[in-house]
Amino acid sequence: MDFALIMFVALVITGVIWLLDSLFFKAKRAKDAKLPVLTEYAKSFFPVILAVFVLRSFVVEPFKIPSGSMIPTLLVGDFILVNKYTYGIRLPIINKKILNVGEPKEGDVMVFRYPKDTSLDYIKRVVGVPGDTVTYRNKRLTINGKPVVTINDGSYNYIGRGLNYVSTERYKEQLGQHLHEIITQSDRPSIDLSQVDSQFPYRENCDYNDAGFTCKVPQGYYFMMGDNRDDSTDSRYWGFVPDRNIVGRAFMVWWNFDDLKRIGHMIE
């Protein structure tokens, strides 16, 4: 079940108990009588639950990185913080925007609800905003006909799924205002055409071939890719992310049990 929904239900229950006690039952108790256990718990927990709910819904929310799709920017086991108001104030649970503060920009690392199953949260990098034409062919990214600046930065090796040793080529990529690292594997294709969903919304905006693809991002949608370009299931395969699915912008690693040096690492 959605954690925000759990928090909201707990908030309502404790708040109602506290309110009913204040309006009806308090006056009937002797002045020196003890509070009923349920009322005491409600009065104790309501302010805490309210503070956590407001903070998590409108200010900042923690997430844990479960996969390697954003290596080397984010590592498996990183605990990150996500800014909830950068892209507008949204009502919790229904995720409806009520105040527009800003829009996602190319290069932002964004958490969003997976379009094919909104109970799942995904994290990828924004490579295309509404109106952009995104091309990815032969491992090179082009936005609106302009190649994205990419500089070779040596190699990067990591332990992948199944404890397999993965050797990759590392690059520095300038996407929007963000200078970040990406990795590719020379023995992997730019895209696995057999894994592409043929029916995602606005599929007709995309043209695929063995070398890669070109997609025109529709209004109200975003195109997302992982920094681990050859080991990321992203918009190349399941399509565009609608604005209504946005959760927030990832900005900092606040904990990693396996690498304490990553604490405080800012996400570019």
Side-chain angles (χ1 to χ4, degrees), residues 63-76 104 106-130 132-143 148 150 156-171 173 175 180-218 220-247 250:
F63 287 88
K64 181 183 178 182
I65 302 301
S67 74
S69 70
M70 285 296 291
I71 293 173
T73 303
L74 295 171
L75 307 182
V76 176
E106 293 168 356
D108 287 358
V109 177
M110 188 170 79
V111 173
F112 55 92
R113 293 175 177 172
Y114 179 39
K116 300 186 72 171
D117 182 357
T118 55
S119 68
L120 300 176
D121 291 317
Y122 271 29
I123 182 167
K124 308 289 181 185
R125 190 175 296 276
V126 179
V127 299
V129 299
D132 278 351
T133 298
V134 178
T135 299
Y136 187 68
R137 298 192 188 281
N138 301 315
K139 308 292 182 75
R140 292 296 178 264
L141 186 63
T142 300
I143 308 295
V148 173
T150 307
Y156 184 93
N157 305 314
Y158 68 97
I159 303 300
R161 288 169 290 187
L163 300 180
N164 295 322
Y165 185 79
V166 182
S167 179
T168 72
E169 298 174 355
R170 179 172 57 191
Y171 297 87
E173 182 180 81
L175 191 55
H180 57 276
E181 295 180 340
I182 63 167
I183 56 176
T184 63
Q185 300 174 45
S186 59
D187 60 341
R188 299 278 296 274
S190 296
I191 190 167
D192 182 354
L193 295 177
S194 68
Q195 300 299 313
V196 176
D197 184 348
S198 62
Q199 297 184 337
F200 62 76
Y202 297 99
R203 172 64 175 78
E204 66 276 9
N205 285 26
C206 297
D207 176 45
Y208 290 87
N209 60 35
D210 290 336
F213 67 89
T214 295
C215 284
K216 175 78 171 181
V217 185
Y221 288 78
Y222 297 87
F223 197 93
M224 314 296 298
M225 291 178 68
D227 289 347
N228 189 352
R229 292 286 161 80
D230 296 321
D231 197 7
S232 173
T233 302
D234 47 40
S235 288
R236 288 174 284 184
Y237 298 100
W238 40 252
F240 308 101
V241 174
D243 180 81
R244 64 180 177 273
N245 285 32
I246 292 175
V247 174

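Any value given below was found using the heavy atoms of this structure, including those in side chains, with hydrogens, waters and symmetry copies removed.
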Side chain proximity check, [X] to [Y], heavy atoms < 4.5 angstrom:
X      : Y      : answer
Tyr237 : Asp192 : yes
Phe112 : Lys124 : yes
Phe200 : Phe240 : yes
Trp238 : Tyr114 : yes
Asn157 : Ser167 : yes
Pro242 : Pro115 : yes
Val166 : Gln185 : yes

Between [Y] and [X], do the side chains contain a donor N or O and an acceptor N or O under 3.5 Å apart?
X      : Y      : value
Arg140 : Thr135 : no
Tyr158 : Asn228 : yes
Asp230 : Thr184 : no

Ring-plane angle category for Phe213 and Tyr208, please: parallel below 30°, perpendicular beyond 60°, tilted otherwise.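 Geometry flag for Tyr208 against Phe213: tilted rings.
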Can you tell whether the side chains of Arg229 and Glu173 come within less than 4.0 Å, N to carboxylate O? yes
Between Lys216 and Asp132, is there a side-chain N and carboxylate O pair less than 4.0 Å apart?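 So Lys216 does not pair with Asp132 through a salt bridge.
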Check: Thr168 side chain, Tyr156 main-chain N or O, donor-acceptor pair, under 3.5 Å: yes
For side chain to side chain contact (heavy atoms under 4.5 Å, CB included), just list the numbers for Leu120 and Thr118, CA-CA rounded to whole Å, side-chain angles, deciding distance to a tenth of an Å, and then say yes or no. CA-CA 5 Å; Leu120 300 176; Thr118 55; over 6 Å; no
Working note: Thr142 + Arg137, criterion side-chain hydrogen bond (donor to acceptor under 3.5 Å, both in side chains); need CA distance, chi angles, decisive distance, verdict. CA-CA 8 Å; Thr142 300; Arg137 298 192 188 281; over 6 Å; no
Could you walk me through whether Asp234 and Arg125 pass salt bridge (Lys or Arg N to Asp or Glu O under 4.0 Å), step by step? CA-CA 10 Å; Asp234 47 40; Arg125 190 175 296 276; over 6 Å; no
Do the two ring centres, one from Tyr202 and one from Tyr221, sit under 6.0 Å apart?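 Distance test on ring centres: under 6.0 Å, yes.
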Centres of the Phe223 and Tyr136 rings: under 6.0 Å? no
Atom CG of Asn164 with >12 non-hydrogen neighbours under 6.0 angstrom: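 Atom CG in Asn164 is packed in, count exceeds 12.
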Run the ring-ring contact (aromatic ring centres under 6.0 Å, His included) test against Tyr171 and tell me which residues pass, sequence neighbours left out.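 Testing Tyr171 for ring-ring contact (aromatic ring centres under 6.0 Å, His included), a comparison that skips the adjacent residues, returns none.
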With side-chain hydrogen bond (donor to acceptor under 3.5 Å, both in side chains) as the test, would you mind laying out the steps for Thr73 and Asp227 before giving the verdict? CA-CA 7 Å; Thr73 303; Asp227 289 347; 2.5 Å; yes
